[in-house]
2 protein chains.
Amino acid sequence: MTPSRKPARRKPAPSRSAAEQEALRATAFRTSRRHNAAETEEDYVELIDDLIRERGEARSVDMAQRLGVSHVTVAKTIRRLRDKELIQYEPYRAIFLTPKGKSLAERCRGRHQQVVDFLTALGVSTRAAEVDAEGIEHHVSAETLDAMRRFTRERRKGS
Amino acid sequence: MTPSRKPARRKPAPSRSAAEQEALRATAFRTSRRHNAAETEEDYVELIDDLIRERGEARSVDMAQRLGVSHVTVAKTIRRLRDKELIQYEPYRAIFLTPKGKSLAERCRGRHQQVVDFLTALGVSTRAAEVDAEGIEHHVSAETLDAMRRFTRERRKGS
DNA sequence: CATAAAGTTTAGCCGAGGTTACATTATCAT
DNA sequence: ATGATAATGTAACCTCGGCTAAACTTTATG
């Protein structure tokens, strides 16, 4: 009557290298979730760094505009980043990076550029490369980043 | 005394092609956030599809194990997916994909495999490719995916 | 056939990240 | 000097995706 009358007890799992495979997949999901969580703070410090370079200071109104988000969201997030000692600011004043924040920002900036360069070298348009990199950059392992760098260098030399 | 005594009014933005640049960046962030939001449902339907292929049915306890998450989280999520008509199930019974869910699952399966193949062709180890793909796959545009496919094909022919 | 074990659901908590509406502060211009 | 306006902050609310604890259903078994 109901669409399924399947048993509620577990079938014995296919017993090849199954356990390892399962574990690897669960790890992949967990890793991805962890990276998603770190994404916001990486984006914020990177953006603050950009703004300081471009106009000498970072202000929440500009951050909100660039992120495509309300200023309230920015306010809430930067409070959290301050608690984590990545940034520092006084009420109604501009935002600055702590040394810790600055080093994170620099790492992110480098990685971001590498991903963009890689995608471009692969033949992706500047526009798409910029958009995709924003999503991808937080999920590339050191190993993959290295392979990307190698490819970019070769491709440039070759052409 | 306070670390910053910078003005609270906006400086005129650097006026080159600034407006476009700003818009592009905000778009990149928005796109990335949108993809993050879609990530869960894509992962779930893909996983359900896998389980059905492997053992004929998808059950929440297995999903929880593969995702590395508690079974309660799975229960809550699948309720949402049912509301979105991606899956279908009765209480205490196995889970099935609706046509809509099935087509999403197939798209995701293809994309996932393509990203893994690409990373492998690039020289990344199987293990890292699997983990990174889980994060990356949700953020590749059609254009980038196409470039990846092209590269994978060439590289295979070449070697 | 009663009951234990496995699986599923419900209730309630939390933090992240988003919103609107409203309050406060700083700066600029008259 | 003060008043308008831009920027920032606060309050209250939402959804999503985690969690634990406890209740309930199904299935297997002694």
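Below, chain A is the first sequence line, B the second, and so on; all start at residue 1.
Computed from coordinates, the A:R33 CZ to D:dC16 P distance equals 17 Å when rounded to whole Å. The distance from atom CD of A:E41 to atom P of C:dA16 is 10 Å, rounded to the nearest whole Å. Atom-to-atom, CG of B:L86 to C1' of D:dC16 comes out at 16 Å; the value is rounded to the nearest Å. Between the CD atom of A:E39 and the P atom of D:dC16 there is a distance of 18 Å, given to the nearest Å. In this entry the distance linking CD of B:E90 with P of D:dC24 reads 21 Å, nearest Å. Between the CD1 atom of A:I95 and the C1' atom of D:dA7 there is a distance of 11 Å, rounded to whole Å. Rounded to whole Å, the distance from CZ on B:R30 to P on C:dT19 is 9 Å. Distance CG (A:D43) to C1' (C:dG18): 15 Å, rounded to an integer number of Å.
Proximity note for B:K76 (side chain, C-beta onward) versus D:dG18, D:dT20, D:dT10: the nearest is D:dG18. Nearest to the side chain of A:V61, among D:dT8, D:dT20, C:dT19, sits D:dT8. Across D:dG9, C:dG18, C:dT9, the shortest atom-to-atom separation from the side chain of A:P91 is found for D:dG9. Checked against C:dT9, C:dG18, D:dC19, the side chain of B:S70 finds its nearest nucleotide in D:dC19. For A:V72, counting side-chain heavy atoms from C-beta on, the closest listed nucleotide (D:dA11, D:dG18, D:dC19) is D:dA11.
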#### Entry: side chain to side chain donor-acceptor pair (under 3.5 Å) between B:T77 and B:E41, worked out
CA-CA 8 Å; B:T77 305; B:E41 59 188 63; over 6 Å; no
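B:V69 comes within 4.0 angstrom of the backbone, heavy atoms only, and of no base. Within 4.0 Å of B:T77, counting heavy atoms only, lies no atom of the nucleic acid at all.
Between B:H139 and A:H139, the two ring planes are parallel [angle under 30°; tilted spans 30° to 60°].
A salt bridge does not link B:R53 to B:D50: none of the charged nitrogens lies less than 4.0 Å from a carboxylate oxygen.
Contact between the side-chain N/O atoms of B:R93 and the OP1/OP2 oxygens of C:dT8 is not found at any separation under 4.0 Å. Taking side-chain N and O atoms only, A:S60 has a distance below 4.0 Å to OP1 or OP2 of D:dT8. When the side-chain nitrogen and oxygen atoms of A:T73 are compared with OP1 and OP2 of C:dT19, one or more of them lie within a distance under 4.0 Å.
Proximity of the aromatic rings of A:Y89 and A:F96 is defined here by a centroid distance below 6.0 angstrom, and this criterion is not met.
Judged by distance alone, with hydrogens and angles left aside, A:H71 brings a side-chain donor or acceptor within reach of the base of D:dG9, the pair sitting under 3.5 Å. Contact of A:Y92 with C:dT24 (side chain to base): a donor-acceptor pair of N or O atoms is detected under 3.5 Å.
Judged by distance alone, the side chain of A:E143 and the main-chain N or O of B:S125 form a donor-acceptor pair under 3.5 Å.
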